[in-house]
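Let me begin by presenting the structure, written as C-alpha cells, before commenting on it.
Below, chain A is the first sequence line, B the second, and so on; all start at residue 1.
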Amino acid sequence: MGPRGTEVVSRGSLPYNPAGVVEEGAVPELPEVETVVRDLRPHLTGRRITSIESGRKALRKPWKKRWNADLLGQTIRSVERRGKWIVCRLDGDRRLVFHLGMTGQLTVADAGAERESHTHLIFGLEGLRQLRFRDYRRFGSATVYESPAALEQFFARARLGPEPFGLDATYWRSQLARTARSLKAVLLDQRVVAGVGNIYADETLFQARLHPKVVGRDLDATSADRLRRAVATVLNRAIARRGSTIRNYVGGEGLTGSYQREFRVYGRTGEPCPRCGAPIECLRVAGRATHFCPQCQPARG
DNA sequence: ACAGGATCCTGGGGGC
DNA sequence: TGCCCCCAGGATCCTG
C-alpha cells in the first residue's frame, strides 16, 4: 500500500467532452518538447505522486494497470528530455516516459481545474496539483521502465541517435556518406539524429541551403558540416522562442511559442523566399510535405 | 541491410 | 446542407 493519503483510481474512463473545443497541438519536435520539460521541471521536481487516473482509450502504448501501484507514492526526482522523449526519474529508479506524438499535451493544473476532453492520464501531486496528459489523436504514449537499464535498452533497440547539439563531425559525415536516402529522410531519421521532425527538417535544409532531395552520399564534406551546424542553429533558435505554436499548441505552462513567425519555408508554399524572393515550393519527400526555395536550395551543386 | 510504404488516429477543409 | 475523401505527421511494422 502506498503512503497515507494516496489512492489508485482506474475507473475505466475519464470524463469525456465530445463537444469540447479540441485544441490541436503543434507537432511537438525537439524545441517544443524541450519547452515542455523546462516548464514542467520546477512543478514536478520533488513532488510525490498521490493518485493516478487512467482513461479507457489506449494511447500508442497502452498504460498498464500495474504501473498505478508501481508509481503511487513515489517522488519525481528529475525531468529530462532525450530526443522527443520526456523522461521523469522517480525514486526507486523507475522512469516515467512520455512521448507527445502529434498532438500530445503535458501540463500541470490545479486539481479542481476543469478537465479538458481527450485527457487520458492524470497524476495527482502533492499540493492539490495534477500532471495531465492530453492527446486527441493518441499517437503519444506514456510508459514506465523499471530501471535506467530498461530505458536504455528501449532506446538502444530503437537505435535512438545522438542529440543534435555538439554532433561529432566525423560521425555526421559518415552517416551521410553511407546512405542513398535524401537529406530530408536522413534528418527525419531518429537513428541518425534525435529530435528533428518535419518542420525543423525543412527549416534546417533552408538554413544550410541544401535541396531536400539531395542524396546523403552525394554531399561533400563542406556541405555536410554546414548541415550539421544548421541543425543546431535552427533548433536553438526555436528553443529560444519556446518552439512553434500552430493553432493551439501550448507549452507546459500553457504559454505559446513564437518560432512559427520565423518559419522561412515551412507552410509558406507560393510565398516569396525571405532570402531571394523566389516562390517557395512544396514537394513530397520521404513521404512528407517538404518546403524549400528552388533558388537558394538548388537540386545540384 | 536498406529504403520506401502502410498503419495507427482525429478534426479540418475542399470538392461536388 | 451533407457526404466523401484527403491531409496533417510522430513512431513502428511490413514488404520488396
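For Trp172(A), there are no ring pair (Phe, Tyr, Trp, His ring centres under 6.0 Å) partners two or more places apart in sequence or in a different chain. Legend: residues meeting salt bridge (Lys or Arg N to Asp or Glu O under 4.0 Å) with Lys184(A), ordered by chain and number and at least two apart, are Asp202(A). Applying the salt bridge (Lys or Arg N to Asp or Glu O under 4.0 Å) rule to Arg191(A) yields the partners Asp189(A); only residues at least two apart in sequence or on another chain are considered. Evaluation of the salt bridge (Lys or Arg N to Asp or Glu O under 4.0 Å) rule for Arg129(A) yields Asp110(A) as partners, not counting sequence neighbours. Residues that satisfy the ring pair (Phe, Tyr, Trp, His ring centres under 6.0 Å) test with Phe154(A), not counting sequence neighbours, are Trp85(A), Tyr145(A). For Phe206(A), there are no ring pair (Phe, Tyr, Trp, His ring centres under 6.0 Å) partners two or more places apart in sequence or in a different chain.
Side-chain contact, Asp225(A) with Thr222(A): no donor N or O sits under 3.5 Å from an acceptor N or O.
Within the 4.0 angstrom heavy-atom criterion, no nucleotide atom of any strand lies near Phe155(A).
Each end of the helix from dC2(B)-dG16(C) to dC16(B)-dG2(C) gets its own axis from five base pairs, and the two axes differ in direction by 60°, given to 10 degrees.
Atom CE in Met102(A) sits about 12 Å away from atom C1' in dG11(B), given to the nearest Å. Rounded to an integer number of Å, the gap from CD1 of Ile199(A) to C1' of dC7(C) is 15 Å.
Taking only side-chain nitrogens and oxygens, Arg284(A) comes nearer than 4.0 Å to OP1 or OP2 of dA8(C).
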Next item on the list: Summarise protein proximity over nucleotides 2-9 of chain B in one line of letters, 5' to 3': B for base, S for sugar-phosphate only, - for none, counting protein heavy atoms closer than 4.0 Å.
Entry: SSS---BB
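Through side-chain heavy atoms spaced under 4.5 Å, either directly or across other Ile, Leu, Val, Met, Phe, Trp or Tyr residues, Leu283(A) is tied to Val285(A), Phe292(A).
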